[in-house]
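See below for the structure under consideration.
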Amino acid sequence: MLHILNKENTLLNKFIAEIRDKEIQKDSMRFRRNLERIGEVTAYEISKTLRYGVQTVETPLGSADVYLPSDRIVIATILRAGLPFHQGFLNYFDDAQNAFVSAYRKSTKDGKFTVKVEYISCGDLTGKTLLLVDPMLATGSSLVLAYEALCERGGEPAHTHIAAVIGSEQGVDYAQRHLPKNNTTIWCGAVDEELTSRSYIVPGIGDAGDLAYGEKL
């Protein structure tokens, strides 16, 4: 299942507009905060689809029955661009377990690249709800590799939510074809049509990691 969030009139569209704006992008702190805010909005939307159970809370004057999420949440992200986006989810799912994947593009002389996974930190994922969050869903290959690496290390989650700020049509299609169809949901703030030969989304936002933390060598 695919949810494209900017198709509705919500405040999310303001945050997406700001991370796209090349002038506003010059303020890296604001860029990181906007990624965080988009993470918060997306976390709220995902929370509507979780399982809930009733619990009783004691107040100073009595007791109240409340419905609280019963899913065991694991938030995973791909370093480094995913960190502020990840923080937005953690702000809302503040008791969640966390996991991290280090992946990078290894380029060749002809301009092509392969994705390499270097490092994984995660606990047991078996039967839990995995939120795999990364700002850009370009080709989809790094995200699928990250998912496979997490499952190899931590076991199979009961359900996986893929969350991206900006996706390409090609990346979304790749993820839908290579991730389990019966228990995967994809959430994108926006989906753009074009993907360049160097796998940059157009209009996109540019390099999210560089915009958040400075250019890398």
Side-chain angles (χ1 to χ4, degrees), residues 1-3 35-36 38-57 66-106 114-165 167 171-172 174-189 208-209 212:
M1 183 178 295
L2 172 64
H3 298 272
L35 286 181
E36 187 177 346
I38 294 169
E40 291 170 345
V41 173
T42 309
Y44 173 74
E45 293 297 329
I46 290 174
S47 76
K48 297 176 184 179
T49 71
L50 301 178
R51 294 172 297 177
Y52 284 73
V54 64
Q55 294 188 29
T56 301
V57 175
V66 295
Y67 288 86
L68 299 176
S70 57
D71 293 55
R72 295 174 294 162
I73 304 294
V74 181
I75 309 169
T77 197
I78 303 173
L79 303 174
R80 64 179 168 150
L83 289 173
F85 193 40
H86 176 277
Q87 184 60 49
F89 285 86
L90 189 57
N91 290 346
Y92 278 21
F93 297 114
D94 51 17
D95 56 353
Q97 179 184 346
N98 293 268
F100 301 92
V101 178
S102 174
Y104 71 97
R105 293 181 178 184
K106 185 175 182 181
T114 55
V115 178
K116 301 291 184 181
V117 174
E118 270 192 334
Y119 168 83
I120 303 171
S121 173
C122 79
D124 184 16
L125 303 177
T126 307
K128 298 179 181 178
T129 298
L130 175 65
L131 312 184
L132 180 51
V133 309
D134 194 36
M136 308 303 289
L137 177 52
T139 66
S141 58
S142 60
L143 187 140
V144 170
L145 281 174
Y147 171 81
E148 292 173 346
L150 287 165
C151 291
E152 184 177 351
R153 177 69 61 87
E156 295 286 337
H159 194 93
T160 299
H161 294 275
I162 303 297
V165 178
V172 169
Y174 184 90
Q176 288 178 317
R177 287 187 288 108
H178 289 85
L179 294 172
K181 292 180 174 58
N182 61 337
N183 63 348
T184 301
T185 307
I186 300 175
W187 305 77
C188 288

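Here the structure is a predicted model, which is why all the values come from computation and not from measurement.
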Under 3.5 Å: donor-acceptor pair, side chain of [X], backbone of [Y]:
X    : Y    : answer
D71  : I73  : no
R153 : C122 : no
H86  : G82  : no
N182 : P180 : no

Min side-chain heavy-atom separation [X]-[Y] under 4.5 Å:
X    : Y    : answer
L143 : L179 : yes
C188 : V172 : yes
K128 : Q97  : yes
L83  : F100 : yes

In Å, rounded to the nearest 0.5 Å, how long is the span from [atom1] of [X] to [atom2] of [Y]?
X    : Y    : atom1 : atom2 : value
F93  : D95  : CZ    : CG    : 9.5 Å
R72  : D124 : CZ    : CG    : 7.5 Å
L132 : I78  : CG    : CD1   : 5.5 Å
T42  : F89  : OG1   : CZ    : 4.5 Å
M1   : Q176 : CE    : CD    : 11.0 Å
E40  : F85  : CD    : CZ    : 11.0 Å

side-chain contact (heavy atoms from CB on, under 4.5 Å) partner of L130, chosen from T160, T184, N183:
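It is T160, the one option of T160, T184, N183 that forms the side-chain contact (heavy atoms from CB on, under 4.5 Å) with L130.
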Identified side-chain contact (heavy atoms from CB on, under 4.5 Å) partner of W187 from the options T49, L131, L137
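Exactly one pass, corresponding to T49.
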Just do the side-chain contact (heavy atoms from CB on, under 4.5 Å) check on T139 and Y174 with the steps written out, would you?
CA-CA 7 Å; T139 66; Y174 184 90; over 6 Å; no
Please report the closest heavy-atom contact between [X] and [Y], naming both atoms and the distance.
X    : Y    : result
A99  : L150 : CB-CD2, 4.0 Å
L125 : C151 : CD1-N, 4.4 Å
A208 : M136 : CB-CG, 4.2 Å
A81  : P135 : O-CG, 3.4 Å
A149 : I120 : CB-CD1, 3.2 Å
Y147 : E156 : OH-OE1, 3.6 Å

Would you say E152 has more than 12 foreign heavy atoms packed within less than 6.0 Å of its CD?
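Count not over threshold, so no.
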Taking atom OH as the centre, does Y52 end up with more than 12 heavy-atom neighbours from other residues, nucleotides or ligands that are less than 6.0 angstrom away?
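Count over threshold, so yes.
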Angle class for the H161/H159 ring planes (parallel below 30°, perpendicular above 60°, tilted otherwise)?
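Correct class here is tilted.
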side-chain contact (heavy atoms from CB on, under 4.5 Å) for I75 and T77? Distances and angles first, verdict last.
CA-CA 7 Å; I75 309 169; T77 197; 5.9 Å; no
